[in-house]
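A quick write-up on the structure given underneath.
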Amino acid sequence: EELSSDYQSYASLTTASINLLHSARIIDQTLHTRRALGMAIASQYFGVFIVPESYNDTWLVVGIKNILFLLFMRKIMGNNECRFWVYQQLLKVYKAECENLLPPLHLKDKSQSYPLTSGNNAQIFHMDPMLTPPHILELMELKSMLVMRIVENRLGNKELMQNAIKKLLSLAWINPSGESSSINALLSTQDFLKTIQVVSGKDLSDFMSRYVYQPGFTTLNFSFAFNRKRNVADVTIKQKTLHDCEKYVGQLTVLVQELDGSFSNLLQVEKTDVLQELNCQSKSRRNKKKKIPLFTGEEVDIDLSHSDQDSPVIWLRVDPEMLWLSRTSVEMPDYMWQAMLLHERDVVYQHMAAEVLPNFTSQGTISTLSTVLLDEKCYYQVRIQALHSLAKCITVSGDPTVNEEVLINLYRKLYGSVDNEKFTRMNDFSNFPLYFIQQEFMRAIGRIKDYAGYTTHRIVQFLYQQLYYNDNQRNEYDDSQLIVAIIDGLTETVPHKVDHKMEEVLKHVKQALPKIVCYLNIDKKMPSYQQIVSAACLRFISKLIQYGHIMDNLKDSSIFSAHLKRGQSLRVRCTAIQLLALFIKNESSERDLNTILSLIEFDQSPFIRCYAVQQLYLLPLFTKHQDCFLNNLHLVERLWRLLNEHHDFNLRCCLAQLYYTLYGRTTPTCVPTNNCAVVIDLKGQTARSNVPGIPSSFRFSSKFDDDRKYSSDDSSSSRKKKKHKPMK
């Protein structure tokens, strides 16, 4: 119950958090629980049985553990779910690299430290288990997984990587003398490279220097133009690295979908901008209709009426296996993105096409996104992204005829009653993809704005009707997540300012408040799974308080403080901490800050203590050298005392990160100068002072020299006249 993470693995034993438990009626938690248990079992092999020789080699053990987990995930959840999960982790690592959060995975410097930022006030990362913040450790684990995937591909055969893992396990179990050995269970980077060279005969020293021994991420901007005379595509690759790290040099795979099939090409990427040619294997055919083969061998009909009739290129895919630590952007016209979204079988690039299409808002784009959304054969995460992109297209279109009714009509086609589509049928979650899409429908509709940037009252009415008429009597699964999604959609409709256009919207939003308060009270008597409905209700009330739309008797933080106490579910307590930290940032409430600090100091849950500190530095009260009445000596002393009293190293790492976010590496401006002193150099006849009112440096005057001379003569004469009494 009090674990700081989802699981903790030991030799032949794994303790898991009770928050992973769920009944058969819960759908959403199933995926998360399976991932956590799969990672826990992999940790028993690499992390408990085989451990890193030093903390500097942790990336290696963690990376191999994640490779085993990916094998499990591909077996249990399918290839699409596995590839999409890897793509999500790649985006997380890229975002962290942009924010200067990731050090190198392996530090070759003996000092074992690395500056994450530059300047005199730079944040220094230390490769030590007691000094690594949890959020940086999590990001390093994700990057280790991505690097090990690249190592697996460099070997040329996935079986070679599995053979290397088996060899490491066998060496850790039995030594050459045949006896049990614990020395071989220590894994270092150098031993791993030797094992790889023995198994595959390949040297990975250059790879290690680029991906492991230095940080950084690259962005690849890819553009092309078709040359009709030579039947080639002139490709331009521009590479931009983060943090001035070394640029990538190597071969990049580009898959070109042409009229006669999909063809793979290798392009050489250099440190400078590259201009190369891709030979097209097909020739343009203008009026001939023929099915186009995809890379899977499937043949489909593609509408080419809007494409370039002289070009055989339909779309491009750069680095399809995600084997470069890079964020790839491809410049293509809208009809290529639309064709990719409709007919591509790689879910990652389908998702990428759905993300890009809102930049080409048109009737063709809206029609393509709607078709994918209604396609039951399409991967559900791609359909969800098409749904959100469609909501974004409606918002930015500027066309009054393209409004929220487009999404509402699509919702009724999928979930409307058979007798009358205007009414939603009773809940039936037997189709899991439709269940996940129905949740995202509520959130996407809530984010729609009209051409002037306002939420319409029609959206609020629709969401309120879904909440009011929700019927789950004949459903074998729990509908708490659907209720949460509807409340989240209503939260998105809360206007940040009120004028004559938004008065009606605010009126409908306030009509939903009694219903949401009713759900909050019911959830106390008959709790939903982990009380997720209460958490959603608190977010809605917080939004009303933040924009000043709530009544006076609730316009304070007491409702959030009441949900911090033990007895509430972990999900509710975390939501209350997050909302209270936001309230402190907006209102500068010293009382609520003391509430959070008391929670950090006295709460029994290590996860809650660390989470509270993380929210304070993710939503900082103030920044360095910023004037704020919360920036006082009492806060500095309290944080410093917490840093030195707690024995939980995760909590101390979080507190150190909070201290750096607020004050940096310099002395806080609110701390007075206590060590007032004057340092005198008698030989050089100079002095330095930090006493207010005295110059920082000065020389002695001649009068001071004479006084010092006379005082020295007097002291010598007094020593001569002094009589010593005999000792008894």
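For reference, positions follow the sequence shown, starting with 1.
Within 6.0 Å of NZ in Lys543 there are more than 12 heavy atoms belonging to other residues, nucleotides or ligands. Open room surrounds CZ on Arg34; 12 or fewer heavy atoms of other groups in view lie less than 6.0 Å from it.
Of all the heavy atoms in Tyr411 and Gln466, the pair that sits closest is OH-OE1, 3.2 Å. Residues Thr395 and Ile448 share a closest heavy-atom pair of OG1-CA, 3.7 Å. For Leu20 against His22, the heavy-atom pair with the smallest separation is O-CD2, 3.5 Å. Closest approach of Ala536 and Ile487 over heavy atoms only: O-CG2, 3.5 Å. Nearest approach of Phe263 to Ser282, heavy atoms of both residues: CE1-OG, 4.0 Å. Shown here for His549 and Pro495, the closest heavy-atom pair between the two residues is NE2-O, 2.6 Å.
Close placement of the Tyr477 and Phe432 rings is indicated, their centers lying within 6.0 Å of each other. For an aromatic pair to be called close, the ring centres must be under 6.0 Å apart, and His351 with Phe84 satisfies this. In this structure, Trp324 has its ring center at least 6.0 angstrom away from the ring center of Phe217.
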Note to self: Glu138 vs Lys143, test: salt bridge (Lys or Arg N to Asp or Glu O under 4.0 Å). Steps then yes/no.
What the structure shows: CA-CA 9 Å; Glu138 180 183 358; Lys143 187 174 181 180; over 6 Å; no

Next item on the list: Mind running side chain to side chain contact (heavy atoms under 4.5 Å, CB included) on Gln239 and Val269 for me, showing each step along the way?
Entry: CA-CA 9 Å; Gln239 183 178 177; Val269 178; 3.5 Å; yes

Note to self: Evaluate Asp428 against Leu434 for side chain to side chain contact (heavy atoms under 4.5 Å, CB included), listing each step before the verdict.
What the structure shows: CA-CA 9 Å; Asp428 182 12; Leu434 285 180; over 6 Å; no

Item checked: Chi angles and distances behind the side chain to side chain contact (heavy atoms under 4.5 Å, CB included) call for Leu294, Val300 -> CA-CA 8 Å; Leu294 304 178; Val300 296; 4.0 Å; yes

Check: Passes salt bridge (Lys or Arg N to Asp or Glu O under 4.0 Å), Arg443 versus Asp488? Steps please.
Finding: CA-CA 6 Å; Arg443 297 185 176 95; Asp488 288 342; 3.3 Å; yes

Next item on the list: Would you sort out whether Gln481 and Tyr529 count as a side-chain hydrogen bond (donor to acceptor under 3.5 Å, both in side chains), showing the intermediate values?
Entry: CA-CA 9 Å; Gln481 287 287 354; Tyr529 177 70; over 6 Å; no

Next item on the list: Take Arg458 and Glu405, measure what salt bridge (Lys or Arg N to Asp or Glu O under 4.0 Å) needs, and give me the verdict at the end.
Entry: CA-CA 9 Å; Arg458 177 72 180 91; Glu405 293 297 331; 3.2 Å; yes

Next item on the list: Decide yes or no on side-chain hydrogen bond (donor to acceptor under 3.5 Å, both in side chains) for Asp523 and Ser534, but give the supporting numbers first.
Entry: CA-CA 6 Å; Asp523 205 43; Ser534 296; 2.5 Å; yes

Item checked: From CA spacing to verdict: side chain to side chain contact (heavy atoms under 4.5 Å, CB included), His496, Gln546 -> CA-CA 8 Å; His496 63 279; Gln546 181 181 354; over 6 Å; no

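Considering CD of Glu504 and OG1 of Thr456, their distance stands at 9.5 Å, rounded to 0.5 Å. For the atom pair CD (Gln338) and CH2 (Trp315), the distance works out to 12.5 Å, reported to the nearest 0.5 Å. Atom-to-atom distance recorded for Asp479:CG and Gln438:CD is 9.5 Å, nearest 0.5 angstrom. The CE atom of Met426 sits 8.5 Å away from atom CG of Asn475, with the distance rounded to the nearest 0.5 Å. Rounding to the nearest 0.5 Å places NZ of Lys229 at 12.5 Å from CG of Asp310. Taking NZ of Lys515 as the start and OH of Tyr464 as the end, the distance is 6.5 Å to the nearest 0.5 Å.
Checked by atom type and distance alone, the side chain of Gln350 pairs as donor or acceptor with a backbone atom of Leu341 at under 3.5 Å. Of the possible polar contacts, none joining the Ser417 side chain to the Thr424 backbone as a donor-acceptor pair under 3.5 Å is found. Panel note: side chain Gln530, backbone Arg571; no donor-acceptor pair is recorded below 3.5 Å. At least one donor-acceptor pair closer than 3.5 Å links the side chain of Ser389 to the backbone N or O of Ala354. Judged purely by atom type and a 3.5 angstrom limit, Gln257 uses its side chain to pair as donor or acceptor with the backbone of Pro293. No donor-acceptor distance shorter than 3.5 angstrom exists from the side chain of Glu277 to the backbone of Val235, with no hydrogens or angles considered. A side-chain donor-acceptor contact under 3.5 Å links Arg383 to the backbone of Asp375. Under a 3.5 Å cut-off, the side chain of Glu258 and the backbone N or O of Pro312 do not form any donor-acceptor pair. Counting only distance, with no hydrogens or angles, the side chain of Asn227 and the backbone of Asn231 share no donor-acceptor pair below 3.5 Å. Side-chain atoms of Arg345 come within 3.5 Å of backbone N or O of His343 as a donor-acceptor pair.
Among Phe441, Phe429, Tyr380, the single residue meeting the ring-ring contact (aromatic ring centres under 6.0 Å, His included) criterion with Phe436 is Tyr380.
When only modelled atom types and interatomic distance are considered, Thr253 and Glu321 share no side-chain donor-acceptor pair under 3.5 Å. Using a 3.5 Å distance cut-off with no hydrogens or angles, the side chains of Asn427 and Asp471 do not pair a donor with an acceptor. Checked by atom type, the side-chain pair Ser329/Asn221 shows a donor-acceptor distance below 3.5 Å.
Relative to the ring axis of Phe295, Arg317 places its NZ or CZ within 45° and under 6.0 Å from the centre.
Using a 4.0 Å cut-off between a side-chain N of Lys or Arg and a carboxylate O of Asp or Glu, Lys92 and Glu97 do not qualify as a salt bridge. Asp346 and Arg83 are joined by a salt bridge, as a carboxylate oxygen and a charged side-chain nitrogen come within less than 4.0 angstrom of each other.
Counting heavy atoms from C-beta on, the side chains of Phe360 and Thr368 never come closer than 4.5 Å. Contact of the Thr236 side chain with the Phe224 side chain is not registered, since no non-hydrogen atoms from C-beta on lie closer than 4.5 Å. Side-chain atoms of Asn359 and Asp334, non-hydrogen and from C-beta on, never get closer than 4.5 Å to each other. Inter-residue side-chain proximity for Val232 and Cys280 is flagged as unmet; no heavy-atom pair is nearer than 4.5 Å. At least one side-chain heavy atom of Ser370 sits under 4.5 Å from a side-chain heavy atom of Leu410. Between Ile437 and Tyr415 the shortest side-chain heavy-atom distance falls below 4.5 Å. With contacts defined as side-chain heavy-atom distances shorter than 4.5 Å, the pair Met332/Leu316 qualifies. In this structure the side chain of Leu146 reaches within 4.5 angstrom of the side chain of Leu325, judged on heavy atoms.
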